[in-house]
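Atoms considered below: every heavy atom in the structure, side chains included; atoms not considered: hydrogens, waters and symmetry mates.
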Amino acid sequence: MLRGDRHAIKLCTQDADRAAVRGMHLALVGAVGQGELNHVFYQRTVQVLNGAGIPYLIGGGFALGFHVGMDRKTKDLDVFVRPQHAQDVLDELGKAGYETEMTDPTWLGKAFCGSDFVDVIFAFGNGITHIDDGWFEHAKKGELWGEPVLYTPLEESLWSKAFVMERDRFDGADIAHIIQHSADRLDWDRLVARFGEDWRVLLGHLILVGFIYPGIRNRIPERIMRELLRRLEPELDSAGEPGLCFGPFFSRTQYVHDLRDHGMADARELRKPKAALLPR
């Protein structure tokens with residue numbers, strides 16, 4: 001089945017004939033311009049998930065808007081779930097008439113209705129960690145199109161975005177905006193703990209934020225910067241493990257040359273819980 005005309009709002013009907021092709025009947029409910037958001041589809045998605053009672057969080061551009069007040073244009077809805085609930089979410093959306101797929105069993109599923117889609121995210125795309133209980137323990141209550149939802153925490157949002165450095169996508173601007181608008185609300189100790197042994201990634205982003213917005217450098221706690229710089233100091237006159245490449249932590253494609261042609265070791269192989277199922 002074709003996934004629809006991007007010039008129209010389409011809504012998957014609840015009472016569609018389940019014998020139809022993959023349970024997909026689309027009802028035309030209005031026309032919008034190219035790239036505009038289908039609020040009807042996404043509101044219906046939230047209603048289906050709330051009705052199913054499966055724990056989930058709203059992330060991505062909508063969470064960024066909730067936390068920092070940015071109206072960043074987005075064409076999809078990011079739903080974060082624990083790994084054990086990912087297939088359950090896809091099944092519920094399938095029952096509601098969506099076309100679903102487990103796009104990548106290591107971190108991502110998708111649900112479609114025409115040209116509209118939902119990303120069901122249960123791990124980091126680089127395979128180094130999954131969505132755990134901490135995301136839910138610190139989630140923030142809010143609303144989306146009049147429906148009650150939980151939004152991903154600021155700290156976890158920043159943590160996940162710090163590793164997105166593809167050729168055509170870099171989430172550093174989102175991190176800068178989070179700190180610009182919400183530095184005083186961040187739990188900095190929990191943020192540092194989330195990065196763990198990847199603290200260099202956090203330090204790099206914080207230095208960049210200080211360059212982007214020099215007027216807010218002092219909003220990053222001095223003790224946090226001093227601690228991260230203290231960790232860096234012993235490395236100034238020593239090299240790390242030769243032949244090891246952490247590039248795949250940030251990009252699926254831009255470091256393939258290093259691994260394939262130069263024989264460098266993929267640092268993701270050192271990480272759990274999914275070392276055996278790394279995304280390629």
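- Nearest approach of Phe124 to Phe163, heavy atoms of both residues: CE2-CD1, 4.1 Å.
- Taking 4.0 Å as the cut-off between side-chain N and carboxylate O, Arg230 and Glu233 do not count as a salt-bridged pair.
- At least one side-chain heavy atom of Leu203 sits under 4.5 Å from a side-chain heavy atom of Met225.
- Ring geometry for His177 against His181 counts as tilted: the plane angle lies between 30° and 60°, on a 0 to 90° scale.
- Of all heavy-atom pairs spanning Glu92 and Ala52, the tightest one is CG-CB, 3.6 Å.
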**Message:** Go through it in stages, so that I can follow the logic: the residues are Val118 and Lys110, the test is side-chain contact (heavy atoms from CB on, under 4.5 Å), and I'd like the CA-CA distance, side-chain angles, deciding distance and then a yes or no.
**Reply:** CA-CA 6 Å; Val118 178; Lys110 287 182 179 285; over 6 Å; no
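- Other residues, nucleotides and ligands contribute at most 12 non-hydrogen atoms within 6.0 Å of the CD atom of Glu222.
- In this structure, Arg268 is not positioned above the aromatic face of Phe249 in the sense of NZ or CZ being under 6.0 Å from the six-membered ring centre and within 45° of the axis.
- Counting only heavy atoms from C-beta outward, the side chains of Val79 and Asp119 never approach each other to under 4.5 Å.
- Side-chain atoms of Ser251 never come within 3.5 Å of backbone atoms of Gly247 as a donor-acceptor pair (strictly under, hydrogens ignored).
- In terms of modelled atom types and a separation under 3.5 Å, the side chain of Tyr151 and the main chain of Glu143 share a donor-acceptor contact.
- In summary, Arg194 and Asp132 engage in a salt bridge, as defined by a charged side-chain N under 4.0 Å from a carboxylate O.
- Ring orientation note: the planes of Phe41 and Tyr98 are tilted relative to one another, at an angle of 30° to 60°.
- Note on Glu227 versus Arg223: no salt bridge recorded, every NZ/NE/NH1/NH2 to OD/OE distance being 4.0 Å or above.
- The residues Arg260 and Asp266 are annotated as not salt-bridged, no charged nitrogen and carboxylate oxygen being separated by less than 4.0 angstrom.
- Using a 4.0 Å cut-off between charged side-chain N and carboxylate O, Asp198 and Arg200 make no salt bridge.
- At a threshold of 4.5 Å between non-hydrogen side-chain atoms, the residues Phe62 and Leu144 count as touching.
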**Asked** After noting the C-alpha distance and the side-chain angles of Asp258 and His262, does the key distance pass the side-chain hydrogen bond (donor to acceptor under 3.5 Å, both in side chains) rule?
**Response** CA-CA 5 Å; Asp258 299 278; His262 293 291; 5.3 Å; no
**Prompt:** side-chain hydrogen bond (donor to acceptor under 3.5 Å, both in side chains) between Asp76 and Tyr42: does it pass, once the steps are laid out?
**Reply:** CA-CA 8 Å; Asp76 66 336; Tyr42 294 115; over 6 Å; no
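- Taking the charged nitrogens against the carboxylate oxygens, Glu156 and Arg190 do have a contact shorter than 4.0 Å, which makes a salt bridge.
- Between Arg82 and Phe136, the closest side-chain pair of non-hydrogen atoms falls below 4.5 Å.
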